[in-house]
Number of protein chains: 2
Amino acid sequence: MPSATDQDRIFAALANATRRELLRLLRDDGPQPVRALAEHFAMSRPSLSEHLKVLREAGLVSERRVGRQRIYRLEAAPLCEVQDWLGPYERFWRAKLASLGELLDRIPHEEAQ
Amino acid sequence: MPSATDQDRIFAALANATRRELLRLLRDDGPQPVRALAEHFAMSRPSLSEHLKVLREAGLVSERRVGRQRIYRLEAAPLCEVQDWLGPYERFWRAKLASLGELLDRIPHEEAQ
DNA sequence: TTGACGCGTAGGGAATCTCCTACTTATTTT
DNA sequence: AAAATAAGTAGGAGATTCCCTACGCGTCAA
């Protein structure tokens with residue numbers, strides 16, 4: 001493949017449970033150095049560094065150096081792009097949920113008889 | 001790896017431009033047999049079949065046999081799950097866009113001077 | 001029934017992913 | 001200055017991805 005698009009990089013970054021958990025930690029606990037993040041994983045620290053690199057290259061986190069630490073911070077902008085991509089599909093699952101709703105509405109009626 | 005979760009399968013399925021384009025075609029042009037889908041790609045048809053398999057295993061498409069054709073249809077429910085996953089991040093990019101908005105609001109003022 | 005069609009599966013090759021254990025670099029502490 | 005700390009990089013093993021060609025299976029047409 002010639003070159004990955006931004007979208008490719010974003011979706012690929014999200015396609016891994018460790019990386020999604022990293023994003024969640026940065027969201028819920030705020031910016032943190034690598035060491036603090038690493039405490040939540042069984043994985044080796046260098047492996048985690050590489051996951052952070054993937055997130056960085058997708059624009060999902062940013063890094064700022066403080067002494068010998070590197071504080072990682074969540075950058076949610078690329079997720080906005082995911083949201084936008086999702087938009088045109090929304091009516092499809094709304095349609096599904098609506099017809100499920102109708103179905104569920106009918107059950108109590110029948111039980112009431 | 002022990003076993004991929006539903007989320008893993010969904011995000012991984014979306015992490016490929018060909019598969020996202022397949023979903024778009026099914027969304028915009030409705031349910032279609034493989035042959036019709038294949039016309040939009042330079043790729044070999046068997047390769048496309050495998051992409052469809054990945055989408056099927058993620059629950060993003062369903063298949064129904066009609067004669068010797070298999071009609072694929074978009075199933076958007078898993079995308080609803082993506083939407084839900086995105087929810088807790090929303091306030092982060094809203095915050096970013098808001099402060100960008102303030103910044104942009106200021107420019108015309110300064111130019112008006 | 002023979003051949004063409006629509007589609008999936010098998011098997012394989014190149015590239016990429018995900019993990020590891022060293023090792024390097026930069027900074028802080030003693 | 002030496003040791004310790006924080007984190008990235010190098011290199012490699014094993015699994016997975018993504019593409020291909022060849023082939024098998026079921027269905028329809030001649």
Side-chain angles (χ1 to χ4, degrees), chain A residues 1-23 25-26 29-58 60-74, chain B residues 1-23 25-26 29-58 60-74:
Chain A
M1 286 289 102
S3 62
T5 64
D6 285 359
Q7 259 189 358
D8 279 333
R9 268 185 290 270
I10 295 166
F11 279 111
L14 299 180
N16 179 283
T18 300
R19 289 193 292 264
R20 289 198 305 278
E21 178 64 7
L22 281 169
L23 293 179
L25 286 167
L26 292 173
D29 305 344
Q32 299 167 60
V34 178
R35 195 132 208 338
L37 292 166
E39 279 169 14
H40 299 84
F41 300 89
M43 190 177 307
S44 78
R45 201 200 33 73
S47 295
L48 219 64
S49 265
E50 287 182 10
H51 282 302
L52 287 166
K53 185 180 183 181
V54 172
L55 291 172
R56 225 185 308 128
E57 288 174 348
L60 284 159
V61 303
S62 62
E63 169 208 74
R64 138 182 150 254
R65 296 171 198 220
V66 173
R68 56 190 162 183
Q69 298 188 130
R70 307 200 182 187
I71 313 296
Y72 279 85
R73 164 194 294 273
L74 174 66
Chain B
M1 286 287 103
S3 63
T5 64
D6 285 358
Q7 259 189 358
D8 279 333
R9 269 186 290 271
I10 296 166
F11 278 112
L14 298 180
N16 176 283
T18 299
R19 288 193 292 264
R20 289 197 305 276
E21 178 64 8
L22 281 168
L23 292 179
L25 286 166
L26 292 173
D29 304 344
Q32 299 168 60
V34 178
R35 195 136 209 337
L37 292 165
E39 280 169 14
H40 299 84
F41 299 89
M43 190 176 308
S44 79
R45 200 198 34 72
S47 295
L48 218 65
S49 265
E50 287 184 9
H51 282 303
L52 286 166
K53 184 179 183 181
V54 172
L55 291 172
R56 225 184 309 127
E57 289 175 347
L60 285 160
V61 302
S62 62
E63 169 208 74
R64 135 182 154 255
R65 296 173 196 217
V66 174
R68 54 189 162 183
Q69 298 189 130
R70 307 201 181 187
I71 312 296
Y72 279 85
R73 163 195 294 274
L74 175 66

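If you check every strand for non-hydrogen atoms under 4.0 Å, B/Tyr72 touches sugar and phosphate atoms only.
Evaluation of the salt bridge (charged side-chain N to carboxylate O under 4.0 Å, His left out) rule for B/Asp29 yields no partner, not counting sequence neighbours.
Shown are A/Leu55, A/Leu60, A/Val61; of these, the side chain to side chain contact (heavy atoms under 4.5 Å, CB included) with A/Tyr72 is made only by A/Val61.
Separating the CZ atom of A/Arg65 from the C1' atom of C/dT28 is a distance of 16 Å, rounded to the nearest angstrom. Look at CG on A/Asp8: it is 11 Å from P on C/dC17, rounded to the nearest Å. The separation between B/Arg19 atom CZ and D/dT16 atom C1' is 12 Å, rounded to whole Å. Here C/dC7 presents its P atom at 9 Å from CZ of B/Arg70, a figure rounded to the nearest Å. We find that CZ of A/Arg35 is positioned 5 Å from P of D/dA6, with the value rounded to whole Å. The distance between atom CD of A/Gln69 and atom C1' of C/dT28, rounded to the nearest whole Å, is 11 Å. Summarising the geometry, the separation between CD on B/Glu57 and C1' on C/dT9 is reported as 13 Å, rounded to the nearest angstrom. Counting to the nearest Å, the P atom of C/dT27 and the CZ atom of A/Arg64 are 16 Å from each other.
Taking every heavy atom of residues 45-56 of chain B and every atom of DNA chain D, pairs under 4.0 Å involve B/Pro46, B/Ser47, B/Glu50, B/His51, by number.
Dashed line: the shortest gap from a side-chain N or O of B/Asn16 to OP1 or OP2 of D/dT17 is not under 4.0 Å.
The minimum heavy-atom distance between A/Arg56 and A/Ser49, with the atom names listed, is NH2-O, 4.4 Å. A pairwise comparison of heavy atoms in A/Thr5 and B/Arg20 identifies OG1-NH2, 4.2 Å as the closest pair. Considering every non-hydrogen atom in both B/Arg45 and B/Val34, the closest pair reads CG-CG1, 4.1 Å.
Contact of B/Arg68 with C/dC5 (side chain to base): a donor-acceptor pair of N or O atoms is detected under 3.5 Å.
Among the nucleotides D/dA6, C/dG8, C/dC19, the one closest to any side-chain atom of B/Glu63 is C/dG8.
When each of A/Ala12 and A/Val66 is assigned the nucleotide of DNA chain C bearing its nearest heavy atom, the one mapping closer to the 5' terminus is A/Ala12.
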Could you list the donor-acceptor pairs under 3.5 angstrom formed between side-chain atoms of residues 36-43 of chain B and any protein atom two or more places apart in sequence or on another chain?
from	atom 1	to	atom 2	distance (Å)
B/His40	ND1	B/Ala36	O	3.3
B/His40	ND1	B/Leu37	O	3.4

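Using a distance-only test at 3.5 Å, with no hydrogens or angles considered, a donor-acceptor pair links the side chain of B/Arg19 to the main chain of B/Ala12.
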